[in-house]
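Note: hydrogens, waters and symmetry copies are ignored here, and every other heavy atom, side chains too, is used. Residue numbering restarts at 1 for every chain, and letters A, B, ... go by the order of the sequence lines.
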2 protein chains.
Amino acid sequence: MSKADPPSEPRSGTDGERPLSRASVGRFSLYLRHLEQFHSAGTKTISSSQLGEALGITDAQVRKDLAYLGNLGHPGVGYPTQDVIAALRRKLGIDREWRVVVVGAGNLARALLRYRGFQQQGFRIVALFDADAGKIGQRIDDLEVHSPDTMPAVVAATGAELGLLTVPAEVAQGVADTLVAAGIRGVLNFAPIVLRLPPHVSLVSVDLTVQLEQLAFLVQLGGNE
Amino acid sequence: MSKADPPSEPRSGTDGERPLSRASVGRFSLYLRHLEQFHSAGTKTISSSQLGEALGITDAQVRKDLAYLGNLGHPGVGYPTQDVIAALRRKLGIDREWRVVVVGAGNLARALLRYRGFQQQGFRIVALFDADAGKIGQRIDDLEVHSPDTMPAVVAATGAELGLLTVPAEVAQGVADTLVAAGIRGVLNFAPIVLRLPPHVSLVSVDLTVQLEQLAFLVQLGGNE
DNA sequence: GGATGTGAACGACTTCACAGCG
DNA sequence: CGCTGTGAAGTCGTTCACATCC
């Protein structure tokens with residue numbers, strides 16, 4: 001009975017050293033934010049229990065997560081904030097600038113454009129698209145609204161790799177396809193729909209209705225956690 | 001370090017209550033949306049594999065999830081869309097209206113106010129608050145902007161139970177405390193911060209920077225899933 | 001002493017596989 | 001038949017506990 005190994009992860013020898021759980025990555029951003037706060041407050045070193053306290057998780061969890069970054073901690077001392085910040089940035093892939101386009105020039109797009117957190121972490125919004133002829137040519141926060149037809153050209157010219165989708169659900173799949181055709185490599189989708197993308201394009205979805213319904217469920221259950 | 005006890009819910013013990021996994025609840029909203037689409041397309045019955053196909057998950061997963069709703073499925077036939085929709089609504093706690101207040105009258109608030117998905121699922125935004133004196137008194141989408149001082153009175157008067165937090169990170173914790181003091185029972189937080197709420201108040205957080213960083217990580221990894 | 005790193009236990013979630021029913 | 005419901009097995013993630021090191 002020869003058992004074939006599932007070819008789950010064809011290890012590209014570039015960066016993958018350790019197993020790296022997907023769940024940990026979800027916390028990396030939070031570690032990063034808190035570490036940056038501690039760091040600019042002058043803290044040079046931080047312990048797993050301090051960090052866990054700040055995020056509301058256990059110290060063991062923090063150590064397991066940070067272990068994925070290599071052996072940065074010093075027993076009896078803690079983790080050097082600076083080093084962990086740098087390692088997290090690198091692991092997350094935000095040790096460089098990402099160019100981002102936004103499709104759908106509504107209120108959500110405006111909110112995203114003015115959101116400071118993006119710039120701070122190296123995300124630069126370089127173009128804005130909308131199908132509404134009335135909006136094309138307008139300027140919103142220094143960005144001109146382009147027609148979706150120009151997407152391939154603009155994406156190529158700006159070198160954008162990520163697309164934020166803030167369009168109505170009915171047209172979201174079509175717009176996503178256009179983004180993919182234009183060469184985008186990742187989509188952050190806000191439309192309430194399950195998008196289908198080719199396997200070489202990454203997808204993260206933020207579904208506001210789902211989140212609100214989740215909240216209603218929790219409240220109905222009584223209390224939190 | 002008090003641990004939450006498993007609350008046996010001594011409510012009306014009509015159905016044989018099952019364990020109910022937290023992960024399943026996260027998919028309930030998606031099932032609901034797809035079932036509503038199938039239903040309004042005239043589909044009376046749907047199989048676990050059809051639903052799984054639509055959401056991109058396995059049929060076994062769908063059956064396990066729907067089993068939490070009671071024995072709604074008919075072997076050889078499938079699930080009656082109507083019944084499953086009703087059961088999901090009830091389980092999620094959205095078989096009634098929820099009154100919602102929004103704190104922070106910025107672009108994100110505007111986007112949320114105009115978002116149709118909320119009303120459709122029975123969430124009614126009944127008040128809007130902002131600390132900016134220049135905004136107080138203005139009307140946005142038929143809602144007057146109130147001063148945060150009036151929160152207790154307005155929450156009581158409107159019977160709001162949920163609060164959406166779209167304020168800057170620096171003031172988010174303070175505003176959340178005010179919401180809690182005003183008697184709110186659940187908070188949907190958009191500020192990039194780990195909120196601390198008393199245990200009787202539920203919390204769901206949507207952190208846009210975290211989501212974007214997640215996307216960057218996936219793209220850097222190459223491809224999706 | 002104080003805090004890390006990590007096997008091992010534990011628990012949660014998913015997939016498998018199949019009995020059973022209309 | 002086709003499709004559900006569900007134990008069993010498998011996978012993934014978290015917590016525990018402790019050897020280890022500065």
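Other residues, nucleotides and ligands contribute only 12 or fewer heavy atoms inside 6.0 Å of the CZ atom of A/Arg116.
Separating the OH atom of B/Tyr68 from the P atom of D/dG5 is a distance of 13 Å, rounded to the nearest angstrom. Protein atom CG of B/Asp59 is 14 Å distant from nucleotide atom P of D/dG2, rounded to whole Å. Nucleotide C/dC21 holds its C1' atom 16 Å from the CG atom of B/Leu72, rounded to whole Å. Between the NE2 atom of B/His74 and the C1' atom of D/dC3 there is a distance of 12 Å, given to the nearest Å. D/dC22 atom P lies 12 Å from atom CG of A/Asn71, rounded to whole Å. When rounded to the nearest whole Å, the span between CG of A/Asp65 and C1' of C/dT6 equals 14 Å. The nearest whole Å value for the distance from the CG atom in A/Leu66 to the C1' atom in C/dT6 is 14 Å. Nucleotide D/dT4 holds its C1' atom 14 Å from the CD1 atom of B/Ile46, rounded to whole Å.
The side chain of A/Ala23 sits closest to D/dT14 out of D/dC18, D/dT14, C/dT15. If you check D/dG13, D/dT4, C/dC13 against the side chain of A/Arg22, the one that comes closest is D/dG13. When distances are taken from the side chain of A/Gln61 to each of D/dT15, D/dC18, D/dG13, the shortest belongs to D/dT15. Here C/dG5 is the nucleotide among C/dT15, D/dC3, C/dG5 with the atom lying nearest to any side-chain atom of A/Tyr79. When the nucleotides C/dT4, D/dC16, D/dG13 are ranked by their closest atom to the side chain of A/Ser21, D/dG13 comes out on top.
At least one donor-acceptor pair closer than 3.5 Å links the side chain of B/Ser40 to the backbone N or O of B/Glu36.
DNA chain D lies under 4.0 Å from at least one heavy atom of each of the following residues of residues 47-57 of chain B: B/Ser47, B/Ser48.
Annotation: of the two residues near DNA chain D, B/Gly76 and A/Val77, the 5′-most nearest-nucleotide partner is B/Gly76.
One finds no side-chain N or O of A/Arg27 lying less than 4.0 angstrom from the OP1 or OP2 phosphate oxygen of D/dG13.
For the 3.5 Å distance criterion, the side chains of B/Ser48 and B/Asp59 fail to qualify, holding no donor opposite an acceptor. B/Ser21 and B/Tyr68 share no donor-acceptor pair across their side chains, judged by distance under 3.5 Å alone. Donor-acceptor pairing under 3.5 Å is recorded for the side chains of B/Asp177 and B/Gln173.
No N or O donor and acceptor, one from the side chain of B/Lys64 and one from the base of D/dT6, sit under 3.5 Å apart.
Minimum heavy-atom separation, B/Glu97 to B/Arg99: OE2-NE, 2.5 Å.
Note that CG of B/Leu215 and CZ of B/Phe217 are 11.5 Å apart. Values are rounded to the nearest 0.5 Å.
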